[in-house]
Amino acid sequence: MLRALIIEDETAAAVNLRAVLRETAPDVEVTGVLESVAESVEYLRNHPQPDLLFMDIHLADGDSFRIFDEVEIAAPVIFTTAYDRYALEAFKVNSIDYLLKPVSFDEFTDAVTRAVEILTHKATQATTPAETSITVRSDYRQVRIDHDDIAYIEGLKDYVKIYTLSRPRPVITQM
(Lines give C-alpha, C1' and ligand atoms only; values in the text may rest on other atoms or scores of the structure.)
Protein backbone atom coordinates (compact mmCIF):
# COMPACT_ATOMS: atom_id res chain seq x y z
CA MET A 1 0.00 0.00 0.00
CA LEU A 2 1.38 3.39 -1.02
CA ARG A 3 1.00 6.36 1.34
CA ALA A 4 -0.03 9.75 -0.03
CA LEU A 5 -0.25 13.16 1.57
CA ILE A 6 -2.51 15.94 0.28
CA ILE A 7 -1.44 19.56 0.79
CA GLU A 8 -4.44 21.68 -0.18
CA ASP A 9 -6.10 24.61 1.61
CA GLU A 10 -9.46 24.42 -0.17
CA THR A 11 -11.56 21.88 1.74
CA ALA A 12 -13.79 21.02 -1.23
CA ALA A 13 -10.77 20.45 -3.49
CA ALA A 14 -9.11 18.21 -0.87
CA VAL A 15 -12.30 16.17 -0.41
CA ASN A 16 -12.68 15.73 -4.19
CA LEU A 17 -9.01 14.81 -4.56
CA ARG A 18 -9.31 12.20 -1.85
CA ALA A 19 -12.50 10.74 -3.37
CA VAL A 20 -11.09 10.51 -6.89
CA LEU A 21 -7.88 9.01 -5.54
CA ARG A 22 -9.87 6.35 -3.65
CA GLU A 23 -11.70 5.51 -6.88
CA THR A 24 -8.73 5.53 -9.27
CA ALA A 25 -6.05 4.06 -7.00
CA PRO A 26 -7.48 2.01 -4.13
CA ASP A 27 -3.93 0.89 -3.23
CA VAL A 28 -3.00 4.46 -2.31
CA GLU A 29 -3.83 5.42 1.27
CA VAL A 30 -4.19 9.11 2.11
CA THR A 31 -2.36 9.57 5.41
CA GLY A 32 -3.34 13.21 5.88
CA VAL A 33 -4.61 16.47 4.46
CA LEU A 34 -2.62 19.60 5.33
CA GLU A 35 -3.69 23.18 4.64
CA SER A 36 -0.62 25.41 5.05
CA VAL A 37 3.11 25.70 4.51
CA ALA A 38 3.77 25.78 8.28
CA GLU A 39 1.57 22.74 8.97
CA SER A 40 3.20 20.83 6.10
CA VAL A 41 6.75 21.60 7.25
CA GLU A 42 5.87 20.54 10.81
CA TYR A 43 4.24 17.31 9.61
CA LEU A 44 7.06 16.37 7.23
CA ARG A 45 9.71 16.98 9.89
CA ASN A 46 7.95 14.76 12.43
CA HIS A 47 6.46 11.93 10.35
CA PRO A 48 7.82 9.42 7.87
CA GLN A 49 7.92 10.74 4.33
CA PRO A 50 4.89 9.73 2.25
CA ASP A 51 5.39 7.81 -0.99
CA LEU A 52 3.53 10.45 -2.98
CA LEU A 53 2.47 14.09 -2.49
CA PHE A 54 -0.46 15.97 -4.00
CA MET A 55 0.18 19.67 -3.60
CA ASP A 56 -1.56 22.94 -4.41
CA ILE A 57 0.75 25.89 -5.18
CA HIS A 58 -1.05 28.68 -3.34
CA LEU A 59 -1.74 27.93 0.31
CA ALA A 60 -3.18 30.20 3.01
CA ASP A 61 0.26 31.21 4.33
CA GLY A 62 2.32 31.28 1.13
CA ASP A 63 3.32 29.22 -1.87
CA SER A 64 4.09 25.55 -1.40
CA PHE A 65 7.62 25.91 -2.79
CA ARG A 66 8.60 27.25 0.64
CA ILE A 67 8.03 23.73 1.99
CA PHE A 68 10.92 22.50 -0.16
CA ASP A 69 13.15 25.22 1.31
CA GLU A 70 12.51 23.86 4.81
CA VAL A 71 12.27 20.09 4.35
CA GLU A 72 13.98 17.67 1.99
CA ILE A 73 11.26 15.84 0.10
CA ALA A 74 12.15 12.64 -1.70
CA ALA A 75 8.62 11.65 -2.70
CA PRO A 76 7.33 12.45 -6.18
CA VAL A 77 4.88 15.36 -6.29
CA ILE A 78 1.75 15.88 -8.36
CA PHE A 79 0.83 19.56 -8.35
CA THR A 80 -2.85 20.45 -8.62
CA THR A 81 -3.25 24.19 -9.08
CA ALA A 82 -5.16 26.94 -10.85
CA TYR A 83 -1.94 28.68 -11.91
CA ASP A 84 0.02 27.67 -15.00
CA ARG A 85 2.92 30.07 -14.44
CA TYR A 86 4.66 27.86 -11.85
CA ALA A 87 5.12 24.77 -14.02
CA LEU A 88 8.87 25.22 -14.58
CA GLU A 89 9.52 25.78 -10.90
CA ALA A 90 7.41 22.73 -10.07
CA PHE A 91 9.56 20.42 -12.15
CA LYS A 92 12.66 21.56 -10.26
CA VAL A 93 11.28 20.03 -7.05
CA ASN A 94 10.62 16.38 -7.92
CA SER A 95 7.30 17.00 -9.66
CA ILE A 96 6.04 14.24 -11.90
CA ASP A 97 2.93 16.07 -13.06
CA TYR A 98 1.35 19.51 -13.04
CA LEU A 99 -2.43 19.47 -13.29
CA LEU A 100 -4.45 22.64 -13.80
CA LYS A 101 -7.73 23.02 -11.92
CA PRO A 102 -10.37 22.04 -12.59
CA VAL A 103 -8.57 18.72 -13.01
CA SER A 104 -10.27 16.28 -15.35
CA PHE A 105 -10.82 12.72 -14.21
CA ASP A 106 -8.71 11.36 -17.11
CA GLU A 107 -5.78 13.69 -16.41
CA PHE A 108 -5.83 12.78 -12.74
CA THR A 109 -6.04 9.05 -13.50
CA ASP A 110 -3.09 9.30 -15.91
CA ALA A 111 -0.99 11.20 -13.34
CA VAL A 112 -1.74 8.74 -10.55
CA THR A 113 -1.09 5.74 -12.83
CA ARG A 114 2.28 7.23 -13.83
CA ALA A 115 3.18 7.90 -10.18
CA VAL A 116 2.26 4.36 -9.12
CA GLU A 117 4.34 2.95 -12.00
CA ILE A 118 7.34 5.06 -10.97
CA LEU A 119 7.02 4.06 -7.32
CA THR A 120 6.51 0.39 -8.16
CA HIS A 121 9.59 0.45 -10.42
CA LYS A 122 11.67 2.05 -7.64
CA ALA A 123 10.47 -0.56 -5.14
CA THR A 124 11.35 -3.37 -7.57
CA GLN A 125 14.84 -1.94 -8.08
CA ALA A 126 15.35 -1.64 -4.33
CA THR A 127 14.54 -5.33 -3.80
CA THR A 128 16.61 -6.61 -6.73
CA PRO A 129 20.02 -7.70 -5.50
CA ALA A 130 22.88 -5.66 -6.89
CA GLU A 131 25.40 -7.35 -9.12
CA THR A 132 28.36 -8.45 -7.01
CA SER A 133 30.61 -9.84 -9.72
CA ILE A 134 31.63 -9.54 -13.35
CA THR A 135 32.27 -12.29 -15.85
CA VAL A 136 34.99 -11.88 -18.48
CA ARG A 137 36.41 -14.10 -21.19
CA SER A 138 40.06 -15.02 -20.63
CA ASP A 139 42.05 -17.77 -22.37
CA TYR A 140 38.94 -19.21 -24.07
CA ARG A 141 36.99 -19.55 -20.82
CA GLN A 142 34.62 -17.49 -18.71
CA VAL A 143 36.10 -16.13 -15.47
CA ARG A 144 33.86 -14.75 -12.73
CA ILE A 145 35.46 -12.08 -10.54
CA ASP A 146 33.82 -10.73 -7.39
CA HIS A 147 33.79 -6.94 -7.21
CA ASP A 148 35.32 -7.07 -3.73
CA ASP A 149 38.24 -9.11 -5.08
CA ILE A 150 39.33 -6.52 -7.66
CA ALA A 151 42.47 -4.64 -6.61
CA TYR A 152 42.70 -2.53 -9.78
CA ILE A 153 42.16 -2.66 -13.53
CA GLU A 154 44.73 -1.70 -16.13
CA GLY A 155 43.41 -0.73 -19.57
CA LEU A 156 45.88 -1.29 -22.39
CA LYS A 157 45.64 -0.86 -26.16
CA ASP A 158 43.33 -3.76 -27.02
CA TYR A 159 43.05 -5.69 -23.77
CA VAL A 160 42.46 -5.22 -20.07
CA LYS A 161 44.34 -6.64 -17.10
CA ILE A 162 42.27 -7.19 -13.97
CA TYR A 163 44.42 -7.54 -10.86
CA THR A 164 42.70 -9.32 -7.99
CA LEU A 165 43.51 -9.88 -4.35
CA SER A 166 43.16 -13.66 -4.62
CA ARG A 167 45.00 -14.51 -7.86
CA PRO A 168 48.80 -14.37 -8.26
CA ARG A 169 48.52 -13.18 -11.88
CA PRO A 170 46.09 -10.74 -13.50
CA VAL A 171 43.09 -11.90 -15.54
CA ILE A 172 43.63 -10.70 -19.10
CA THR A 173 40.70 -10.12 -21.42
CA GLN A 174 40.45 -8.81 -24.99
CA MET A 175 38.44 -5.64 -25.64
>> On a heavy-atom basis, which atom in S95 and which in F79 lie closest, and how many Å separate them?
In response: OG-CD1, 3.6 Å
> Counting only heavy atoms not in E72, do more than 12 sit closer than 6.0 Å to its CD atom?
Replying inline: no
> Do any N or O atoms from the side chain of R66 and from the backbone of D61 form a donor-acceptor pair under 3.5 angstrom?
Replying inline: yes
>> Rounded to the nearest 0.5 Å, what separates atom CG in L34 from atom CD in E39?
In response: 4.5 Å
> Is there a side-chain contact between K161 and I153 (heavy atoms, below 4.5 Å)?
Replying inline: no
> Counting N and O atoms only, with roles assigned by atom type, does the side chain of D97 sit under 3.5 Å from a partner on the main chain of I78, one being a donor and the other an acceptor?
Replying inline: no
> Does T24 use its side chain to pair, donor to acceptor, with the backbone of T109 at less than 3.5 Å?
Replying inline: no
> Would the number of heavy atoms belonging to other residues, nucleotides or ligands and lying under 6.0 Å from CG of L156 be above 12?
Replying inline: yes
>> Other residues, nucleotides and ligands only: do more than 12 of their heavy atoms fall within 6.0 Å of CZ on F68?
In response: yes
>> Do V30 and I6 make a side-chain contact, defined as non-hydrogen atoms from C-beta onward lying under 4.5 Å apart?
In response: yes
> For M55, does its backbone N or O pair with a side-chain atom of S64 as donor and acceptor, under 3.5 Å?
Replying inline: no
> What about V93 and L100, same hydrophobic cluster or not, with Ile/Leu/Val/Met/Phe/Trp/Tyr joined at side-chain heavy-atom distances under 4.5 Å?
Replying inline: yes
> Should S36 and D9 count as side-chain neighbours, where that means a heavy-atom distance under 4.5 Å?
Replying inline: no
> Going only through I, L, V, M, F, W and Y residues with side-chain contacts under 4.5 Å, is there a path from L53 to Y98?
Replying inline: yes
> Heavy-atom distance under 4.5 Å between the side chains of F65 and I57, does that happen here?
Replying inline: yes
> Cluster question for you: counting only ILVMFWY and a side-chain heavy-atom cut-off of under 4.5 Å, with indirect links fine, are L2 and L21 together?
Replying inline: yes
>> Would a single hydrophobic cluster contain both V160 and Y152, if residues Ile, Leu, Val, Met, Phe, Trp and Tyr are joined by side-chain heavy-atom contacts under 4.5 Å?
In response: no
> What pairs with T164 under side chain to side chain contact (heavy atoms under 4.5 Å, CB included), at least two apart in sequence or on another chain?
Replying inline: I145, D149, I162, S166, R167
> Side-chain heavy atoms under 4.5 angstrom apart, residues restricted to Ile, Leu, Val, Met, Phe, Trp, Tyr: same cluster for L99 and V77?
Replying inline: no
>> Looking only at the aromatic ring of each residue, does the gap between the centers of Y86 and F91 stay below 6.0 angstrom?
In response: no
> Side-chain contact, heavy-atom cut-off 4.5 Å: V71 with Q49?
Replying inline: yes
> Salt bridge check: are K101 and E8 linked by an N-O gap of less than 4.0 Å?
Replying inline: yes
>> Evaluate I67 against I73 for side chain to side chain contact (heavy atoms under 4.5 Å, CB included), listing each step before the verdict.
In response: CA-CA 9 Å; I67 298 168; I73 296 175; 3.8 Å; yes
> Relative to each other, are the rings of H47 and Y43 parallel, tilted or perpendicular (30° and 60° limits)?
Replying inline: parallel
> Do you know the tightest heavy-atom contact between D63 and V37?
Replying inline: O-CG2, 3.5 Å
>> Has D51 got a side-chain atom pairing as donor or acceptor with R3's backbone, closer than 3.5 angstrom?
In response: yes
>> Would you say that I150 contacts Y163 through its side chain, given a criterion of any heavy-atom pair below 4.5 Å between the two side chains?
In response: no
>> By the definition side chain to side chain contact (heavy atoms under 4.5 Å, CB included), identify the one residue from L59, V33, D56 that meets it with I7.
In response: L59
> Given side chains that start at C-beta, do those of E70 and R45 come closer than 4.5 Å, heavy atoms only?
Replying inline: yes
> Between Q142 and T135, what is the shortest heavy-atom contact and its length?
Replying inline: OE1-CG2, 3.2 Å
>> Measuring centre to centre across the rings, with the benzene-like ring taken for any Trp, is F54 within less than 6.0 Å of F108?
In response: yes
>> Can you confirm whether E35 sits close enough to T11 that some side-chain heavy atom of one is under 4.5 Å from a side-chain heavy atom of the other?
In response: yes
> So, for D148 and L165, which heavy atoms are closest and what is the spacing to 0.1 Å?
Replying inline: O-CD1, 3.7 Å
>> On a heavy-atom basis, which atom in A75 and which in P50 lie closest, and how many Å separate them?
In response: CB-O, 3.2 Å
> At their closest point, which heavy atom of I172 faces which heavy atom of S138, and how far apart are they?
Replying inline: O-OG, 2.8 Å
>> For the backbone of L17 and the side chain of R22, can you confirm whether one donor and one acceptor N or O come within less than 3.5 Å of each other?
In response: no
> Under the side chain to side chain contact (heavy atoms under 4.5 Å, CB included) criterion, do R18 and N16 qualify, and how do the steps go?
Replying inline: CA-CA 5 Å; R18 190 177 216 154; N16 287 339; over 6 Å; no
